[in-house]
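The figures that follow rest on heavy atoms only: side chains count, while hydrogens, waters and symmetry mates do not.
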Amino acid sequence: VLEGDNFSPDTKRKYTVADMITGYGVAEAVKHYYDIFGGTVEGKRAIVQGFGNVGAAAAYYMSQEGAKIVGIIDRVGGIIQPEGIPFEEVKSLFINREGNTLVSDKLISFDEINSKVWDLEADVFLPCAASRLVTLDQVERMINAGVKVVACGANVPFADAQIFYGPNAEKVDAQISLIPDFIANCGMARVFAYLMSNGDVDLSDKGIFEDTSETILKALQNVHANRKETNEIAKTAFEIA
């Protein structure tokens, strides 16, 4: 159970590491990307797909870092707010979910959000819903609207039959910065590895979360050491792996 305010949206609700760590890693991947490749996450406009544990936590931590959540698409509908949803509101959306479902009086229908969100001006896309949902048409519309970074919260976000680097993922990776799932959403797997490592480990919230953040940072630094350009990040990461 997370005890401190740094990593938990509400300590009274007893959120656990497992509730938050994967979305945290997705947000940290974007933060570290800008730290390494240039720029800052602050002020960047982000679209989030899915508002379960991964998407909601990623939106929460991204907003905490100063990014603007401009669109959320969930299976029941979504929210579009081009000026950005304020952090306290993102926090409330996280806390007030019903199960893993987005609840808001600003909710528009799935058909309406699905027709509009892919053309919304944004810098970052976080696919955090089920695998194989994002079509090439949708991602190319986002690229045309300004998206330059995709951090994969879903294991296979694009509508590819392949598990690793299908044709749609390859096309996206060639055009913009695609941070692959095995870096961006490694959080829970990394926690298992951390807890099973030799010697004494820091079991505080800070110790566990900082280890995941550091692991993602090192992976992206390794990619950058092999390729300075901002495209083909996923390809380079696969080659290293």
Side-chain angles (χ1 to χ4, degrees), residues 8-10 13 15 18-20 22-27 29-30 41 43-160 168 172 181 184-185:
S8 176
D10 183 355
R13 288 178 178 248
Y15 292 111
D19 291 330
M20 305 300 296
T22 306
Y24 171 78
V26 173
V30 177
V41 73
K44 294 295 186 295
R45 301 154 63 87
I47 295 169
V48 182
Q49 181 190 40
F51 215 66
N53 273 359
V54 180
Y60 170 76
Y61 292 119
M62 282 278 288
S63 184
Q64 193 177 52
E65 288 285 347
K68 295 177 179 177
I69 308 300
V70 296
I72 300 168
I73 177 167
D74 196 27
R75 61 182 177 272
V76 296
I79 299 169
I80 287 179
Q81 207 157 312
E83 70 279 12
I85 304 169
F87 172 64
E88 287 302 324
E89 199 175 318
V90 174
K91 184 175 171 179
S92 294
L93 289 171
F94 183 102
I95 291 167
N96 294 325
R97 286 176 305 155
E98 291 180 359
N100 278 338
T101 302
L102 177 65
V103 176
S104 170
D105 56 6
K106 295 180 179 175
L107 206 67
I108 59 176
S109 72
F110 178 82
D111 287 344
E112 187 178 352
I113 187 87
N114 195 42
S115 69
K116 292 177 177 177
V117 74
W118 314 112
D119 302 307
L120 197 57
E121 186 186 337
D123 306 286
V124 179
F125 174 51
L126 307 179
C128 300
S131 286
R132 299 186 171 87
L133 290 183
V134 184
T135 66
L136 189 60
D137 172 67
Q138 287 168 342
V139 78
E140 291 198 326
R141 283 162 65 185
M142 282 191 285
I143 292 169
N144 289 337
V147 166
K148 291 183 172 61
V149 181
V150 177
C152 298
N155 292 338
V156 188
F158 305 109
D160 286 325
N168 288 336
V172 176
D181 66 289
N185 76 15

Would a distance-only check, ignoring hydrogens and angles, find a side-chain to backbone donor-acceptor pair under 3.5 Å from S63 to A59? no

Take V26 and V54 through the side-chain contact (heavy atoms from CB on, under 4.5 Å) test and state the conclusion after the steps. CA-CA 8 Å; V26 173; V54 180; 4.2 Å; yes

Interatomic spacing from CG in L126 to CD1 in I47 - rounded to 0.5 Å: 9.5 Å

Looking only at heavy atoms, what is the nearest atom pair of A145 and D119, with distance? CB-O, 3.7 Å

Would you indicate whether the side-chain heavy atoms of P127 and L133 approach each other to under 4.5 Å? no

Just so I know, are the side chains of T101 and R75 near enough to count as touching, which here means a heavy-atom distance under 4.5 Å? yes

Measure from the side-chain N and O atoms of Q138 to the backbone N and O of T135, and report whether any donor-acceptor pair falls under 3.5 Å. yes

Do K106 and S104 come close enough that some side-chain heavy atom pair is under 4.5 Å? yes

Student check: side-chain heavy atoms of V124 and M62 closer than 4.5 Å: yes

Backbone of G84 reached by a side-chain donor or acceptor of R45 within 3.5 Å: no

Non-hydrogen atoms of V30 and A151 that approach each other most closely: CG2-CB, 3.7 Å

Indicate yes or no: at least one non-hydrogen side-chain atom of T22 is less than 4.5 angstrom from one of N53. no

Looking at every heavy atom in both L93 and V103, which two are closest together, and how far apart are they? CD2-O, 3.5 Å

Could you check whether the rings of W118 and F125 sit parallel, tilted or perpendicular, using 30° and 60° as the cut-offs? perpendicular

Any chance you could measure N168, atom CG, to L136, atom CG, to the nearest 0.5 Å? 4.5 Å

Reported CD1-to-CD1 distance for the pair I69 and I80, which is rounded to 0.5 angstrom: 13.5 Å

Could you go through the side-chain contact (heavy atoms from CB on, under 4.5 Å) check for E121 and V70 one step at a time? CA-CA 8 Å; E121 186 186 337; V70 296; over 6 Å; no

Would you say the side chain of I85 lies within less than 4.5 Å of the side chain of I72, judging by non-hydrogen atoms? yes

Grab the two heavy atoms, one from A58 and one from A27, that are nearest each other, plus how far apart they are. O-CB, 3.9 Å

Heavy-atom pair of closest approach, residues D160 and V156: O-CG1, 4.2 Å

Main-chain N/O of F110 paired with N114 side-chain donor or acceptor, under 3.5 Å: no

D74 to N100 - nearest heavy-atom pair and separation: OD2-O, 4.0 Å

Quick one: do Y15 and D10 satisfy side-chain contact (heavy atoms from CB on, under 4.5 Å)? Show the steps, please. CA-CA 8 Å; Y15 292 111; D10 183 355; 4.1 Å; yes

When you look at CD of E98, are more than 12 heavy atoms from neighbouring residues, nucleotides or ligands closer to it than 6.0 Å? no

Heavy-atom donor-acceptor pair, R97 side chain to G52 backbone, under 3.5 Å: yes

Please determine whether side-chain contact (heavy atoms from CB on, under 4.5 Å) holds for the pair K68 and D123, giving the CA-CA distance in whole Å, both sets of side-chain angles, and the decisive distance to 0.1 Å. CA-CA 10 Å; K68 295 177 179 177; D123 306 286; over 6 Å; no

Parallel, tilted or perpendicular: which one describes the rings of Y61 and Y24, with boundaries at 30° and 60°? perpendicular

